[in-house]
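These notes concern the structure reproduced below.
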2 protein chains.
Amino acid sequence: MDDLNWRILELLQQDARTPYSEIGRRVGLSAPAVAERVRRMEDAGIITGYRAIVDPGKLGYGLEVFARLRVAGDKHLAVRKLVMQTPEVLECWHVTGEDCYFIRARLESVGHLEELLRRFSVYGSTTTSLVLSKPVEHRVLKAQGTESAG
Amino acid sequence: MDDLNWRILELLQQDARTPYSEIGRRVGLSAPAVAERVRRMEDAGIITGYRAIVDPGKLGYGLEVFARLRVAGDKHLAVRKLVMQTPEVLECWHVTGEDCYFIRARLESVGHLEELLRRFSVYGSTTTSLVLSKPVEHRVLKAQGTESAG
DNA sequence: TTTGAAAGAAGCCACTG
DNA sequence: CAGTGGCTTCTTTCAAA
């Protein structure tokens, strides 16, 4: 991971569809050279994929919530299965602390939320927070100080 | 948002670089027709961008944490400014409940975490959870039931 | 890593249902 | 009015140096 790779990575994080030719123009490399560097970062697992970002609010999911779930010791497998099978759950983290699972979900309505919480409360107590706004949404990962990885 | 648009959206969420010709093949449309539908979803704000997904762990940021921040009434602007200026913060949500801000950050070490928490504790008390694993990481948003938006 | 040639994809247009 | 097919331009890929 030299400086050129970081700059390529920044550009692709901002717009995954930037043509290699334009990336090359900006970082001072030919298109095939950029393609080769990207291929290597993919192979190394540094770049794990390319995604279109959609706005759930525009698709009928106006409610975003965090539900923190406090789970009894032997229910973990069941919880994992439930979150994986629940399409409303956009992300789920297993974390340390009293609340074992952080669940971020997108819902159509408050009724929809109540239904979701009922499904989860089988496995423990939930603490729910509505998302009001997002001061930081998709931070682009940049090189900080002197980096080396591999 | 008809069924075709949803299928196009699913494919682009899975791989933002899927060629329109291949999307067309899969949904039964010509490439220009797909391009036109994508353009309209972009214009409508349904698709907000395309991003390369990177693995911070492969780039020296082995620690992922949630820090919940409880903030006094008049410190909100300062907190927003701080999270926006802090590169370690990947996402930040302003939420309802006792903890006003949920902060997801990527760090190099425990020492790095301590330093980050010190910066935030100026504005309130923090509750930190280490991320152990992610049962759900990037859920693809799909049509549920009968959808209509616009 | 670069260059140059070939394959492929995207954008533009007139035309069709 | 959305979709198709052909054409042009740009991009990617592969070979060779």
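Small disclaimer: the values here were computed from a predicted structure and weren't measured. Every heavy atom of this structure was used, including side-chain atoms; hydrogens, water molecules and symmetry mates were not. Residue numbers start from 1 in every chain, and the chains themselves are labelled A, B, ... in the order their sequence lines are given, proteins ahead of strands.
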Problem - For B:R37, all residues meeting side chain to side chain donor-acceptor pair (under 3.5 Å), sequence neighbours excluded - result: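 By the side chain to side chain donor-acceptor pair (under 3.5 Å) rule, B:R37 matches B:D2, B:N5.
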Handout entry: Axis bend over the full length of the helix from C:dT1-D:dA17 to C:dG17-D:dC1, computed from five pairs that close each end, to 10 degrees
Key =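 Between the axes fitted at each end of the helix from C:dT1-D:dA17 to C:dG17-D:dC1 lies an angle of 30°.
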Practice task
Determine the contact category for A:R39: base if any of its heavy atoms lies under 4.0 Å from a base atom, sugar-phosphate if only primed atoms, P, OP1 or OP2 are that close, otherwise nothing.
Solution key: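 Nothing: the residue A:R39, judged by heavy atoms under 4.0 Å, touches no strand.
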Exercise for the section: Check ring pair (Phe, Tyr, Trp, His ring centres under 6.0 Å) between B:F102 and all other residues, then give those that pass, not counting sequence neighbours. Expected result: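 Partners of B:F102 under the ring pair (Phe, Tyr, Trp, His ring centres under 6.0 Å) test: A:F66.
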Ion pair check, [X] and [Y], cut-off under 4.0 Å:
{"X": "B:E42", "Y": "B:R39", "value": "no"}
{"X": "A:E137", "Y": "A:K134", "value": "yes"}
{"X": "B:R7", "Y": "B:E10", "value": "no"}
{"X": "B:R104", "Y": "B:E64", "value": "yes"}
{"X": "B:E98", "Y": "B:R70", "value": "yes"}

Exercise for the section: May I ask you to list the residues sharing a hydrophobic cluster with B:L113, side-chain cutoff 4.5 Å, ordered by chain and number? Expected result: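 When side chains under 4.5 Å apart are linked, the cluster holding B:L113 also contains A:V136, B:L63, B:V65, B:L69, B:V71, B:V79, B:L82, B:V83, B:M84, B:V89, B:Y101, B:I103, B:L107, B:V110, B:L116, B:L117, B:F120, B:V122, B:Y123, B:L130.
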Problem - Heavy-atom contact window of chain B on DNA chain D, given 5' to 3' at under 4.0 Å - result: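 First and last nucleotides in contact are D:dA2 to D:dG5.
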Exercise for the section: Report, as a single string ordered 5' to 3', how protein heavy atoms within less than 4.0 Å touch nucleotides 2-17 of chain C: B base, S sugar-phosphate only, - not at all. Expected result: BB-----SSSB-----
Practice task
Determine, using the 4.5 Å side-chain heavy-atom cutoff (strictly less than), whether A:I53 and B:I46 are members of one ILVMFWY cluster.
Solution key: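 Different clusters.
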Handout entry: Where B:P56 and B:V54 come nearest, the two heavy atoms and their spacing
Key =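 Taking every non-hydrogen atom into account, CD-O, 3.3 Å.
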